[in-house]
Trainee: 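I have a structure here, written as structure tokens, and I will follow up with some questions on it.
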Amino acid sequence: MNLLSSPFTRQSLKTHELMRMVILCCIPGILVQAYFFGYGNLIQIALAAATCWGTEAIIMIMRNRPALRITGDHSALLTGVLLGIAVPPFLPWWMTVIAAVFAIGVVKHLYGGLGNNLFNPAMAGYVLLLISFPVAMTSWQPVAALSQHPVGVWDSLQLVFTGFSADGFSLQQVRMTIDGIAAATPLDTVKTDLHQGLTLDESMLKPVFGSFAGAGWEWINLAFLLGGLYLIYRRVTSWAIPGGMLISLFVCSAIGFAFSPDGTASPLLHLFSGATMLGAFFIATDPVSACTTVRGRWIFGALIGLLVYVIRTWGGYPDGVAFAVLLANMCVVLIDHYSKPRTYGHKEAR
Amino acid sequence: MMKQLAEISWQGLWKNNPAMVQLLGLCPLLAVSSTVINGLGLGIATTLVLLGSNVTVSLVRQWIPKEIRIPVFVMIIAAFVTAIQLLMNAYTYDLYLALGIFIPLIVTNCAIIGRAEAFASKNPVVPAAVDGFMMGLGFTLVLVTIGAIRELLGQGTLLSGSDSLFGPVATSWTIELFAYDNEFLIALLPPGAFLVMGFIIALKNIIDSAAQERAKKSQPAAKIERVRVSGAAE
């Protein structure tokens, strides 16, 4: 039997180990996404990660910092990976490059580099694209099983770099489903259908939906949930932010669903569609731009969940994780100020 | 006299530029600088108002009681803005429609009341007129620069819609540098204006600090004279 005696030291992970762990935990989600949506996202991830890393290195040289040592912390790689996961698989390559350069150059380094950025770089890059190129950024193709023109590796590369597949199909043709309708994402479909007066049950009969949420999307979300749970198990992130976000999104959508079961998306659909799980475990938990106090993190997460629900239900965009994270980033200083823990031996400040 | 006027001009164009340094009048600056012509139009209108209000305030400065000077300034400015608005409505109707609410909002441009309060109410007519014109010119230059950058990034053109300001002669002035399949919308939307503005201010600071560095180098180092303190007493 091993007896341990005090003092206990806790081994905390260094920045590069932490970032590497987060990247590794993304892998199940990335693989499931590649299984359903083809090789596009793998290309995007490679492209975004390489651009982020290169931009970081160049800026470090411009700022007279040791470029190799600092880019070795993998934080730029993580930004690139998250950006690559978030964008549509066959986005033209130069859009991904613009977003990656903006994320690292403007959002991260103009504020002073790692540890000083107010906003989540990956999401700021994503939002830059979403505002600039709304059509391209919402052009997801249907899951591979529903697609009229299956796309291989070579086709994917051609689509990303030239806009046409090897057989000469354009992106819009590739997006056709078997029944000849351009595909929309599940969240988009629900939004349009509810707007047109269909009930949720009628909308859910469409082929873009799977057994309980969007076809394919439900498994992607489950895979990210799995990776996220491992992150929490290894204490890389805490419960507070993902817990706050998922509970708040569930409560909001449950209230909406209880009042209008036909007119709003179900809680299950909200939790397992779009970028919910990716956002909760990998994006909102960015240690730099999120809250630092425990109570603050619950509030921060809950605020993101509420905003995601509001944007998805009443906003102009089908998904709202990126906007919600950026809006919550703005509130971080305020939340941290009012959620400071009481110091032992001191009275609560009045 | 000439030296003073040159100093006033330099203040307005660069050192104390209303847009880049005082950061006044940001609302119209960011809202209408989506193209060169919009920026130029609003810049000219603002310059004319600034010139008129500075001259008038300077002329009547002895008779304005200190306590009610602000309302008086606002009324003078509002009169000029109304005149400009009617002129634009008559002669450049398309531009008048494009700028919309931001023409009457020139009244609230802090740069104008700021110059009336800080300069025109304390100085004679000629310096006040030069100050108003140069401040307006500085504002216009920044507007046009931001407009050019945003127009180029956003739609790949320069001087689009120039007929709305210069009449039908100018229809062919539009330069299309490159064609986009999809417009780079963020440059045309307000967030793009904030980003471009930030970069312009940063550029100005770089130029200023480089100039300071050069000035420091060209100045000979001050000579240090030592007083002998040891060995003086015998």
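Chain A is the first sequence line, chain B the second, and so forth, proteins listed ahead of strands; every chain is numbered from 1. Values reported hereafter were calculated over all heavy atoms of this structure, with side chains retained and with hydrogens, waters and symmetry mates removed.
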Trainee: Determine which residues belonging to residues 188-202 of chain B lie within contact range of chain A, meaning some heavy atom pair is under 4.5 Å apart, and list them by number or answer 'none'.
Mentor: B/Leu189, B/Leu195, B/Phe199
Trainee: Around B/Phe73, counting heavy atoms of other residues, nucleotides and ligands shown, do more than 12 lie under 6.0 Å from its CZ?
Mentor: yes
Trainee: Of all the residues in residues 309-330 of chain A, which have a heavy atom that comes within less than 4.5 Å of a heavy atom in chain B?
Mentor: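 Under the 4.5 Å heavy-atom cut-off, nothing qualifies.
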Trainee: Which heavy atom of B/Leu185 sits nearest a heavy atom of A/Pro134, and at what distance?
Mentor: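 Looking at all heavy atoms of both residues, the closest pair is CD1-CD, 3.9 Å.
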Trainee: Are there residues of residues 89-101 of chain B that reach to under 4.5 Å of chain A by heavy atoms, and which ones?
Mentor: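 Against chain A, none of the residues of residues 89-101 of chain B fall inside the cut-off of heavy atoms under 4.5 Å.
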Trainee: Anything in residues 97-113 of chain A with a heavy-atom distance to chain B below 4.5 Å? Please list those residues in order.
Mentor: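 Listed by number: A/Ile98, A/Phe102, A/Val106, A/Leu110.
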Trainee: Say you draw a straight line from CZ of B/Phe184 to CG of A/Leu129; how long is it, rounded to the nearest 0.5 Å?
Mentor: 7.5 Å
Trainee: More than 12 non-hydrogen atoms from neighbouring residues, nucleotides or ligands closer than 6.0 Å to OH on A/Tyr39, yes or no?
Mentor: no
